[in-house]
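In what follows, a single structure is set out as structure tokens and then discussed.
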Amino acid sequence: MKEIAYYHDRFVDVDERVIPIQERGHQFGDGIYEVIRVYDGEPFTMKEHMERLEKSAEAIGMGLPYSREKIEALALEALERSGIQEAEIYMQITRGIHLRQHHYPDPSKPVLSMVVKEARKLTPEKRASGVPVITTEEIRWKMCWIKSLNLLPNVMAKQKAMEAGAHEAVFVDEGIVTEGSSSNLFIVKEGTLLTHPATNAILHGITRRVILDIAEELGIPVEERTFTLEELLEADEAFLSSTTMEAASISAVDGTPLNGGRTILDRIHAKFVERTRKETVDS
Ligand code: PLP
């Protein structure tokens, strides 16, 4: 088993120096990305990730370097070459390599890069105890639904969380909780599952969608509406969702312990495990 990478038409070693100085991803963050979790050798929700990739590309006026089928085939080939069963496929597409200028090159030649590596997993301890989060001011742009490579505000927020001994930083925009720096957020109030609506203000997480689908299957009432920091602090349950974390309970916000309920979270996560693992070994 070994990590494997792909850049611009060829498989490379992950440590190989391959990005040319004029690469627009490097110079401007001019591109988009996806992260796909592989369970037991099978990419989970590949179709949904590819659809989001296409939407993000379209939103920034960029074509894909290959057909969707070829990108999927390359991802599967990378996975096979790596031999990793519990993997993450990181895939990014940039507007290519061109003399540095702000406006789009014409024609632009988008470039695909990929990395397949071992999946990051929440430790069983963190899954059991929940994870602390901090809040941070929403300073991102107004098109957060695009899975853009421009992640500096997210990177800064995550760093702030790490320095505070927290697991995630949650953006709060004038009192409204939007999402985490790399996750979406759910709360439960009197049996109803609440999450920010899929607007420009958040990334439309694939895991968020899977959780809403599971909630529907379980007959749990759902409201996609905005909620405030006060509502988060008083929620019966609160949890984060992402491709790497799945659904993870929030134990505290800015040092204040939450109510700690997890009845609905546990029901949803059990179904999530059923959908993703052939054998229910680790939760
Ligand atoms: N929100 C942000 C800002 C993210 O970066 C991510 C994932 O990286 C998510 C939400 C969760 O999305 P997904 O469930 O598709 O991993």
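Nothing fancy with the numbering, it's 1 onward along the sequence. Atoms within each ligand, like the ligands themselves, are counted from 1 in listed order. Just so you know, these numbers come straight off a predicted model, no measurement behind them.
Counting only distance, with no hydrogens or angles, the side chain of Asn154 and the backbone of Ser181 share a donor-acceptor pair below 3.5 Å. A donor-acceptor distance shorter than 3.5 angstrom exists from the side chain of Asn259 to the backbone of Ala235, with no hydrogens or angles considered.
Residue contacts with ligand 1 include Arg52, since one or more of its heavy atoms lies under 4.0 Å from the ligand. Residue contacts with ligand 1: Met245 is excluded, as none of its non-hydrogen atoms falls under 4.0 Å. The closest approach between a heavy atom of His204 and any atom of ligand 1 is not below 4.0 Å. The closest approach between a heavy atom of Val35 and any atom of ligand 1 is not below 4.0 Å.
Looking only at protein heavy atoms, the nearest one to atom 5 (O) of ligand 1 is Ser182 CA, 3.4 Å. The nearest heavy-atom contact from the protein to atom 14 (O) of ligand 1 is Thr207 OG1, 2.6 Å.
Neither the backbone nor the side chain of Cys144 has any atom closer than 4.0 Å to an atom of ligand 1 (non-hydrogen atoms only). At a heavy-atom distance under 4.0 Å, only side-chain atoms of Tyr33, from C-beta outward, approach ligand 1. With a heavy-atom cut-off of 4.0 Å, Glu246 does not touch ligand 1 at all.
Counting the atoms of ligand 1 from 1 in the order shown, those under 4.0 Å from a heavy atom of Gly205 are 12 (O), 13 (P), 14 (O), 15 (O). In the vicinity of Gly180, heavy-atom distances shorter than 4.0 Å reach the ligand 1 atoms 3 (C). Close approach to Thr243 involves these atoms of ligand 1, each under 4.0 Å from a residue heavy atom: 13 (P), 14 (O), 15 (O), 16 (O). Counting the atoms of ligand 1 from 1 in the order shown, those under 4.0 Å from a heavy atom of Glu179 are 1 (N), 2 (C), 3 (C), 10 (C). Shown in contact with Arg140 at under 4.0 Å from a heavy atom are these atoms of ligand 1, numbered in order with element: 3 (C). When each atom of ligand 1 is checked for a heavy atom of Asn184 under 4.0 Å away, the hits are 10 (C), 11 (C).
When the options Lys147, Glu48, Arg37 are ranked by their closest heavy atom to atom 8 (O) of ligand 1, first place goes to Lys147.
The side-chain tip of Arg95 points at the ring of Tyr104 from less than 6.0 angstrom away and within 45° of straight on. Remark: Arg37 is positioned above the aromatic ring of Tyr39, its terminal NZ or CZ atom under 6.0 angstrom from the ring centre and at most 45 degrees off the axis.
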Task: Glu58 and Lys55: CA distance, side-chain angles, deciding distance, salt bridge (charged side-chain N to carboxylate O under 4.0 Å, His left out) verdict - done: CA-CA 5 Å; Glu58 198 185 328; Lys55 275 193 197 157; over 6 Å; no
- [ ] Could you check Arg140 against Glu138 for salt bridge (charged side-chain N to carboxylate O under 4.0 Å, His left out), going step by step and ending with a plain yes or no?
- [x] CA-CA 6 Å; Arg140 298 176 302 162; Glu138 179 63 273; 2.8 Å; yes
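A side-chain N or O of Lys158 and one of Ser182 form a donor-acceptor pair less than 3.5 Å apart.
Here Ile60 contributes atom CD1 and Met143 contributes atom CE; the two are 9.5 Å apart, rounded to the nearest 0.5 Å.
Residue Leu203 has no nitrogen or oxygen atom sitting less than 3.5 Å from a nitrogen or oxygen atom of ligand 1, judged on distance alone.
The pair Arg262-Glu237 does not count as a salt bridge, with every side-chain nitrogen at least 4.0 angstrom from each carboxylate oxygen.
Ring geometry for Phe11 versus Tyr6: interplanar angle over 60°, hence perpendicular rather than tilted (30 to 60°).
Annotation: side chain of Leu185 is not in contact with side chain of His196 (no heavy-atom distance under 4.5 Å).
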